[in-house]
Amino acid sequence: MASYLVLTSPGAARDDVNARFIADKFSWVAFVFPAIWLLFKRQWLAGIAVAILQGVVTFTTQEPHLMLAGLLVELALRLLVALEGPAFIVRGLEAKGWTLQSVITADDLPTAELIYDHAAEAETAVIHDTWQPP
């Protein structure tokens, strides 16, 4: 099971149709291509930093006595991006004013969307069913 972070755009209601669901789980694509994945996800600064760091590591692993250290740094960098990449995306969206509405645990994205839509409808129904003074 994965956790899905649900974010809505600035000023949007909780039941916004354009809510973004971001899976907070390990990403194999981010592990294999960390810099490209970050750039594709519009994380420019992190993507450029990872690309430069990968270049430096590649350059230093040409020295025989630094090869093991370079490989370990490369592995650590790939694991960092694969595990924390979704958090980079969420932080970037929150900096632009997006609001974290919910965290949903589900097997897949369609199930997470159903759970979120059902919770939003139930919340709206409770608000409309409460007694209002005349």
Side-chain angles (χ1 to χ4, degrees):
M1 287 192 130
S3 295
Y4 289 88
L5 305 169
V6 183
L7 290 100
T8 55
S9 60
R14 179 175 166 77
D15 58 351
D16 185 25
V17 177
N18 297 323
R20 286 194 55 184
F21 289 77
I22 299 174
D24 190 20
K25 63 180 182 179
F26 185 86
S27 172
W28 281 103
V29 177
F31 181 76
V32 176
F33 307 107
I36 295 170
W37 185 84
L38 285 168
L39 292 172
F40 182 73
K41 296 292 184 174
R42 305 177 68 87
Q43 299 297 311
W44 308 117
L45 190 59
I48 292 170
V50 167
I52 291 171
L53 191 58
Q54 282 184 311
V56 169
V57 168
T58 301
F59 181 73
T60 58
T61 55
Q62 294 174 357
E63 297 291 327
H65 63 281
L66 294 176
M67 186 171 289
L68 180 61
L71 291 174
L72 290 176
V73 168
E74 180 71 23
L75 178 65
L77 181 65
R78 288 173 183 262
L79 284 173
L80 177 70
V81 172
L83 290 170
E84 294 299 321
F88 293 155
I89 296 168
V90 170
R91 254 184 260 125
L93 288 173
E94 286 179 335
K96 293 176 184 173
W98 287 64
T99 306
L100 178 65
Q101 293 292 342
S102 181
V103 178
I104 298 170
T105 303
D107 291 327
D108 54 1
L109 180 60
T111 306
E113 289 173 344
L114 281 173
I115 292 170
Y116 181 72
D117 290 342
H118 180 69
E121 287 175 9
E123 183 178 294
T124 305
V126 168
I127 290 172
H128 293 298
D129 289 344
T130 57
W131 180 77
Q132 299 286 331

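Just so you know, residue 1 is the first one in the sequence shown, and it goes up from there.
Looking only at side-chain heavy atoms (C-beta outward), V57 and L77 stay at 4.5 Å or farther from each other. In this structure the side chain of F31 never reaches within 4.5 angstrom of the side chain of L83, judged on heavy atoms. In this structure, H118 and L114 have side chains that are not in contact, with every pair of non-hydrogen atoms separated by 4.5 Å or more. Here the side chains of L39 and W44 are in contact, with some heavy-atom distance below 4.5 Å. Considering only heavy atoms from C-beta on, L71 stays 4.5 Å or farther from L75 through its side chain.
If you chain together hydrophobic residues whose side chains sit under 4.5 Å apart, V73 and V56 never meet in one group. I22 and I104 fall into different hydrophobic clusters, where Ile, Leu, Val, Met, Phe, Trp and Tyr residues are linked whenever their side-chain heavy atoms come under 4.5 Å apart, directly or through other members. Under the 4.5 Å side-chain contact rule for hydrophobic residues, L5 and F88 share a cluster. Both V90 and V81 are members of a single hydrophobic cluster when ILVMFWY side chains are connected at heavy-atom separations under 4.5 Å. Cluster annotation: I89 and L109 are assigned to distinct hydrophobic clusters (Ile/Leu/Val/Met/Phe/Trp/Tyr, side-chain heavy-atom contacts under 4.5 Å, transitive).
Distance check: M67 CE to L72 CG gives 12.0 Å after rounding to the nearest 0.5 Å. Atom-to-atom distance recorded for R78:CZ and W37:CH2 is 14.0 Å, nearest 0.5 angstrom. Rounded to the nearest 0.5 Å, atoms CD (E84) and CZ (R91) are 7.0 Å apart. Here T8 contributes atom OG1 and R20 contributes atom CZ; the two are 12.0 Å apart, rounded to the nearest 0.5 Å. To the nearest 0.5 Å, the span separating CD1 on I48 from CG on L53 amounts to 13.5 Å. The OG atom of S9 sits 10.0 Å away from the CG atom of L7 when rounded to the nearest 0.5 Å.
Heavy-atom minimum distance, A35 versus Q54: CB-OE1, 3.7 Å. The nearest pair of heavy atoms linking A19 to V6 is CB-CG1, 4.0 Å. Residues A106 and Y4 share a closest heavy-atom pair of O-CE1, 3.8 Å. Between P86 and K25, the shortest heavy-atom contact is CG-O, 3.9 Å. Nearest heavy-atom pair across T61 and G70 is CG2-CA, 3.5 Å. Residues P34 and V50 share a closest heavy-atom pair of CB-CG1, 4.0 Å.
Between Y116 and F21, the ring planes are perpendicular. Angles over 60° get that label, and only those under 30° would be called parallel.
Other residues, nucleotides and ligands place more than 12 heavy atoms under 6.0 Å from the CZ atom of F26.
In this structure, S27 contributes its side chain and A30 its backbone to a donor-acceptor pair below 3.5 Å.
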